[in-house]
Amino acid sequence: MKSRLLHTPDGVRDLYNGEYKRKLLIQEQLHNVFMSYGCFDIQTPTFEYFDVFSNQVGTTPSKDLFKFFDKEGNTVVLRPDFTPSIARCVAKYYAPEEEPVKLCYMGNTFINSSDYQGRLKESTQCGVEFLGDGTAEADAQMLSMVVDSLKAIGLENFQISVGHAGFFNALLEEGKVTKEQENQLRELLANKNFLGVEAFIENLEVSDDIKQLFALLAKFDTSSEDIKKARIWATQYPKLAATVANLEALNSALQEKEIAQFISFELGKISVYEYYTGIIFAGYTFGHGEPIVKGGRYDKLLSHFGKDAPAIGFAFVVDQLLAAIKENAKTKEQGKYITFALGKGRLAKKTLKIFEQIGITCEEIYDPDTRKLIFVNEDLKLRFFLAKGPDVPTYVEHGAADIGIVGKDTILEEGRNVYEVLDLGFGNCRMCICGPESAKELLQHQEQIRVATKYPQIAKEYFYNEKNQTVEIIKLNGSIELAPIVGLSDVICDIVETGATLRENGLVVLEEVCNLSARMIVNQVSMKMQNERITKLIRDLKNVLS
Ligand code: PRP
């Protein structure tokens with residue numbers, strides 16, 4: 001028998017014995033909560049026409065869908081999430097007098113993400129869609145259902161972070177932001193590059209009030225006080241004023257329901273799902289580097305299927321809940337460490353020096369003979385490990401490290417979902433296009449050239465999106481300067497620090513891509529769950545660095 005027969009493809013897995021039993025139990029507990037809120041069960045097909053999940057709907061990008069053809073040649077897709085399916089179903093079968101209605105579902109969803117990312121391509125979602133009620137009270141009721149669900153499965157420590165797609169859209173509109181600026185800001189927020197957002201806002205030429213409102217996008221935590229101030233800043237701007245009023249109404253409804261302690265506002269939160277129009281939210285707990293629940297208001301989605309009705313929904317990924325429950329028990333027993341992943345070499349040495357200045361030390365890490373991989377400071381409840389640069393964002397994205405120190409080049413290249421919170425101000429260098437002097441002309445004339453690099457994503461972004469030049473990229477792993485010398489490429493896209501390597505090999509800088517330095521990155525869940533400790537650390541480091 002071929003051994004391949006016994007294995008599963010990347011991204012799917014078997015569940016057996018106790019684990020599957022635990023999963024079924026979670027599903028039952030969630031279902032019981034949904035029923036207590038008056039939900040009705042609904043089932044939609046596992047695969048649907050491609051159009052239900054198309055770009056216009058604003059759901060998962062087409063490249064991440066599992067697509068195939070039916071016998072008539074129609075493109076069909078395995079559902080990546082439930083919301084568009086349920087919107088379609090409600091548009092077809094539910095009359096306005098049957099609303100408002102709460103529908104709950106459970107089933108598997110499929111996302112064709114890249115291989116070897118440690119991500120499930122098939123996972124089980126359990127969720128609720130509340131249709132026909134556009135009030136802040138309905139929003140609060142959904143958040144309350146999420147809190148009760150998490151409590152029902154035995155979690156005590158969790159945080160739900162709430163943003164507002166309507167606030168963000170009104171800010172773009174009433175702040176009269178250009179399309180180019182909007183794209184830039186969206187990218188910064190999607191990459192959680194709060195440093196970049198701050199710089200972006202500083203350069204905006206808008207009224208003081210609008211600037212203050214923009215500044216809320218760069219805060220991890222928007223307090224009730226901030227929202228009160230936002231009301232004053234938004235007075236002259238009707239659309240912004242309406243969304244801020246909506247946030248205030250939600251805030252008081254949350255206080256009434258006594259769940260405010262589980263909720264924080266983060267107005268810079270944006271979703272890849274473009275169908276959201278009002279609040280968007282995500283829930284976090286220990287044990288999983290990604291949110292365990294996501295949701296939001298999507299008042300325009302049903303109109304895509306020919307019906308006009310407000311709606312809000314959320315979905316739990318049950319497989320993530322399983323992992324979170326396990327890790328929460330461990331955290332309860334051991335206390336929570338903050339774990340740092342440091343990029344090996346000079347970066348780590350300099351980082352440790354700066355950490356010493358704010359009282360963070362770890363004796364063990366300085367022992368030159370040690371073969372240990374993890375270094376612990378029990379008193380401060382801190383752990384450190386050294387990793388190769390490109391692996392640091394991977395550890396941080398998955399939550400295996402709470403904090404990472406790594407070069408901006410690696411952050412750009414890896415494109416991971418992490419918060420970039422601090423420029424440590426050392427490791428300064430530049431990403432450049434270099435080559436022999438003669439290659440200047442090839443660049444100027446937009447010739448189709450060959451570019452050797454350790455950073456294919458950065459090179460691609462620069463040539464295709466910034467310069468609109470078609471190039472052939474050749475990935476190498478080091479000593480990149482060799483490539484144009486021996487004729488493997490015309491130019492290179494590489495780091496220049498002192499410029500010595502270029503000089504000694506007869507090469508020059510032809511164009512500059514961007515400046516680079518060491519950055520601190522933080523896992524999105526850690527940023528919520530360990531907010532106090534991490535915010536203090538950032539503040540202390542900022543003081544030392546300034
Ligand atoms: C980096 C970079 C350049 C060199 C630039 O290489 O890729 O080759 O440093 O430094 P300079 O401007 O001060 O000469 P690294 O030493 O990391 O090794 P690698 O070539 O194997 O990537």
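Computed from a predicted structure; not experimentally measured. Atom set for the values below is all heavy atoms of this structure, side chains included, hydrogens, waters and symmetry mates excluded. Note that ligands are numbered from 1 as they come in the structure, with each ligand's atoms numbered from 1 the same way. In this chain, residues are counted from 1 in sequence order.
Within 4.0 Å of ligand 1, heavy atoms belong to protein residues Lys454, Gly478, Ser479, Glu481, Asp494, Ile495, Val496, Glu497, Thr498, Gly499, Ala500, Thr501.
Taking the centre of each ring, Phe314 and Phe316 come in below the 6.0 Å mark.
Asn377 is linked by a side chain to side chain contact (heavy atoms under 4.5 Å, CB included) to Thr361, Asp379, Leu380, Leu382, counting only residues two or more places apart in sequence or in another chain. With sequence neighbours excluded, the residues that form a side chain to side chain contact (heavy atoms under 4.5 Å, CB included) with Glu19 are Arg13, Leu15, Arg22, Leu322.
For Gly407 against Leu347, the heavy-atom pair with the smallest separation is N-CD2, 3.7 Å.
Applying the side-chain hydrogen bond (donor to acceptor under 3.5 Å, both in side chains) definition to pairs two or more places apart or across chains, those involving residues 459-471 are Glu461-Asn465, Tyr462-Glu511, Lys467-Gln469, Lys467-Glu511.
Of the residues Leu172, Asn169, Leu171, the one that meets the side-chain contact (heavy atoms from CB on, under 4.5 Å) test with Glu182 is Leu172.
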